[in-house]
Amino acid sequence: MSQFWKPGAEKPRILDDEEGGVLFLASSISSTSSGYGYASIEKQRLRLPVYKYRTAILYLVETHATTVIVGETGSGKTTQIPQYLKEAGWADGGRVIACTQPRRLAVQAVASRVAEEMGVKLGEEVGYTIRFEDLANSGVTMIKFLTDGVLLREMMDDPLLTKYSVIMVDEAHERSISTDILLGLLKKIQRRRPELRLIISSATIEAKSMSAFFQTSKRRRGLEADELGPRKDPAILSVEGRGFNVQIHYVEEPVADYVRAAVSTVLSIHDQEPPGDSLVFLTGQDDIDAAVQLLTEEAQANGKKNSSGLIVLPLYSGLSRMEQDLVFSPTPRGKRKVVISTNIAETSLTLEGIVYVVDSGFSKQRFYNPISDVENLVVAPISKASARQRAGRAGRIRPGKCYRLYTEEYFINEMPAQGIPEMQRSNLVSCVIQLKALGIDNILGFDWPASPAPEAMIRALEVLYSLGVLDDDAKLTSPVGFQAAEIPLDPMIAKMMLSSSQLGCSEEIITIAAVLSIQSIWVSTKAQKELDEAKLRFAAVEGDHVTFLNVYQGFLRSGKSSQWCHKNFVNYHAMKKVIEIREQLRRIALRIGIVLKSCERDMLVVRKAVTAGFFANACNLEAYSHNGMYKTVRGSQEVYIHPSSVLFRVNPKWVIYQSLVSTDRQYMRNVITIDPSWLTEAAPHFFQHQRPDPIGR
DNA sequence: GAGCACTGC
C-alpha cells in the first residue's frame, strides 16, 4: 500500500485526545481531483462536507486499524468514503472495499448512486448484495455495498472475510443485533488479520463507546509506536453534516395525553407558522388513526377558519404500498401536508419537504423477558439520540422547528442518552446459533459491544439444546445443528424444516416456513367482517398453518394473480415475498440434503413436523374452561387463542402456537392442533424435564 | 371478538 500523501508535502498532524482516541487536525485542504464522468456530478462530490476530510480519512485508515467516523446526515460519508478508498488503492490486487448498511433499501440506493458517480455499470466495479439479490461480480467488483446480515452470512463460508481490505460499518449507532454481532466478530478478525481496516460510522453520542470497544489493552500502547503495522487504538474523526438549524420548543408542563397534544400542536403550527409540511411522531397504528380522525374532524368543524388546507396522512408499515406512497406525493400549492407516523419515518423512510416536527417522546419498543421467554411490545420513552434524529427531520430543506411534547427539564435530566441495544431486548436463539456456526464456542465470554443478559443467553442455549441443535458440550450437533445453522430463519422453524425431510412433507413445510417468516399474508383493512369471511374460504380444521397452505395453493392456481389476492383479502406483496423466500429455502434445502417431497393431502405429517420445531409452545385446554383458557405445558402460563386464528372459538384440546402477543391477555398467534403423544416423541428429554407425563391428562 | 414499532438473513 503506497502512502497517499506526496513525499515532501506536509504530514498531517495527529493529536491524542484525552480518551486515548486520536483526533485529526486538517492542516490543508486537499484539492486533488481526477477526471471522472460528468462535471456536474464531480462538482457535487467536491461540495460535500466530507470532501475536505478526504486526506484526513485516508491518513487515519492507513495508520489505524480502526477509524470511528462521526458523520452527521448529509455529510456524504457513505457515498464518498468508499470511493476515496478505491482511489487510494485499497481495491488494488483484487481486494474489495465493503460498506454495510442495516437496511436493504439503503444498500440499493447508495450503490446505484456511487455507480452513477463513478460512471460505471451497477454490478461491475460497484456492486451490492442483499437477500435475494446479488449484483456483485467476483473479480470485478471493487466496492461492494451489503446489509450487515449478508456479511454475517458470508462469514460462514469465509470466517476471516479475506477478500475485503476495508470494511465500513455504516449506521453502527443504530445497534441492531446484526450490527452488534458483526462488530464483535470484526474485532476478533482484526487480531488475525492486522492488515484489515475497519471504519465504524456512528452518531456523536455513540462514538466514544465504539472507540472504547475497539481499544485494545491500554497498557501496551506505549510500545506500539515501535511495532510494525497500524496503530491499534482507534481514531475518531468528526465530519459535520449539511442539515439546517432546527429550533427546539418544549412544553412548559408535562402533557397528559400526547395524541391530543400532538393534534393541537399541529393545528397551531398550521395557524401561526409559514408554509411547510409537518411530521408527527406517535407510537403505533391506534394512536395514529386516532390523531388522523381528530384532525379530520377538526378540519370539517372549523371549515375555512383553521384547518382547511391540511392534508392529513397516516404512515406505518402495516399500510399497503399505495397508501404509503401517498406521503411522498408533492404538496399542492396553498396546502400543508401533515404526516402522522411511527418510527418508520425516523430512520427507514426520509420525507422531503418537512419543516415542522412534532415529537411525542414515545415509541413502541420490544422487550424480552428471558425468565418467561416472552417478547413484549411496549410504549416506552425514546432516547435523546432518537429525539435528535426526529428533530433533524425538520431541517432537510431549510431551517425548521421541532415541538417536543415533553419538558426541557425532562429532556435534560431524565431522558436516557441512548436506547437499549436490540441485543439486550431480544430472544437470542438466532444470534447464538449463528455464533456457534462461526465457531465461537465460548458464547458467554464473547466480547460484545453491549453484553446481553446472561439469563437470555442461557435461555437461548437451553432452547437450542432441546431442539437437538446443540449437544451436551454446547457444540453444534451433526448433522442437525449444522444444517439448522444454514437456514436463515428462527431455529424452531429450521428444525421444523429438517424434520419434514424424514416425514415426507418438506414441500408443504417450506411453504409454511416462508409464510411464518413474514408479518401477515392478509391485507390490513378496516373491513374486518369481510376479511373474516374471506379467511373462512381457506380455513382448515387443523389450524392456521394448513390454512396458509390453502391460501398458497389458491394463489398458485390463480396464476399468482393480484386480482385474486384483492378479491380474497390476501396481501399480494406478501405473497410475492412468500414465493421468493420459498425459492431461497428450497435452494438451501437441496444444498443441505433435505429431501424435497410433497405429502399431498396428508396433513398429519405436516402437524408432526410443526410439532418437531414448536413442541415447547404446546398448550392444553383447561378442563371445564368456558372461556377458552389454555395452559402452556412448559410453564402453566394462562393463554388464549387469538381472535384472528381460524381455531378461535373452536378450542381444540391440544394446540401448538407459533408466537404469543401479550396485551391484557396472552394470545396465541398461528395455532395448529396436535396429538399430545407427539410431544414426547419429538422431544423426550424436554418433556421428561418439564413434566413427567403430559399425555396422562 | 382483538390488534401488529422497525429491520434483516
> Using a cut-off of 4.0 Å on non-hydrogen atoms, how would the nucleic acid contact of A:Ile130 be classed: base, sugar-phosphate, or nothing?
Replying inline: sugar-phosphate
> Across the strands shown, which category fits A:Arg131 at heavy-atom distances under 4.0 angstrom: base, sugar-phosphate, nothing?
Replying inline: base
>> Regarding A:Gln519, tell me which of base, sugar-phosphate or nothing describes its non-hydrogen contacts under 4.0 Å with the strands shown.
In response: base
> Can you give the first and last nucleotides of DNA chain B, 5' to 3', that have an atom under 4.0 Å from a heavy atom of chain A?
Replying inline: B:dG1 to B:dC9
>> At 4.0 Å (heavy atoms only), tell me whether A:Leu377 reaches a base, stays on the sugar-phosphate, or touches nothing.
In response: base
> Base, sugar-phosphate, or nothing for A:Arg366, non-hydrogen atoms under 4.0 angstrom?
Replying inline: base
>> Does A:Phe132 reach a base, just sugar-phosphate, or nothing at all? Heavy atoms under 4.0 Å.
In response: nothing
>> By the 4.0 Å heavy-atom rule, please label A:Ser317 as base, sugar-phosphate, or nothing.
In response: sugar-phosphate
> Do the rings of A:His545 and A:Phe548 sit parallel, tilted or perpendicular, given the 30° and 60° boundaries?
Replying inline: tilted
> Closer to the 5' end of DNA chain B via nearest nucleotide, is it A:Glu422 or A:His642?
Replying inline: A:His642
> Should the pair A:Asp544-A:Arg669 be classified as a salt bridge under the 4.0 Å nitrogen-to-oxygen rule?
Replying inline: no
> NA contact type, A:Thr342, heavy-atom cut-off 4.0 Å: base, sugar-phosphate, or nothing?
Replying inline: sugar-phosphate
>> Students often get this wrong, so: under 4.0 angstrom with heavy atoms, is A:Val661 touching a base, only sugar-phosphate, or nothing?
In response: sugar-phosphate
> Looking at residues at least two apart in the chain, or sitting in another chain, which of them share a ring-ring contact (aromatic ring centres under 6.0 Å, His included) with A:Tyr316?
Replying inline: none
>> On DNA chain B, does the nearest nucleotide to A:Ser348 precede the nearest nucleotide to A:Thr147 from the 5' side, or the other way round? Give the residue.
In response: A:Ser348
>> Categorize A:Asp286 for me: base, sugar-phosphate, or nothing, with a 4.0 angstrom heavy-atom threshold over every strand shown.
In response: nothing
>> Under the rule for ring-ring contact (aromatic ring centres under 6.0 Å, His included), what residues qualify as partners of A:Phe367, not counting sequence neighbours?
In response: none
> When we call it a touch if two heavy atoms are under 4.0 Å apart, what does A:Gln365 touch: a base, just sugar-phosphate, or nothing?
Replying inline: nothing
> Which pairs with one or both residues in residues 374-393 of chain A pass ring-ring contact (aromatic ring centres under 6.0 Å, His included), sequence neighbours excluded?
Replying inline: none
> Under the ring-ring contact (aromatic ring centres under 6.0 Å, His included) test, which residues partner A:Phe328, sequence neighbours left out?
Replying inline: none
> Quick one: ring-ring contact (aromatic ring centres under 6.0 Å, His included) partners of A:Tyr667, sequence neighbours excluded?
Replying inline: A:His642
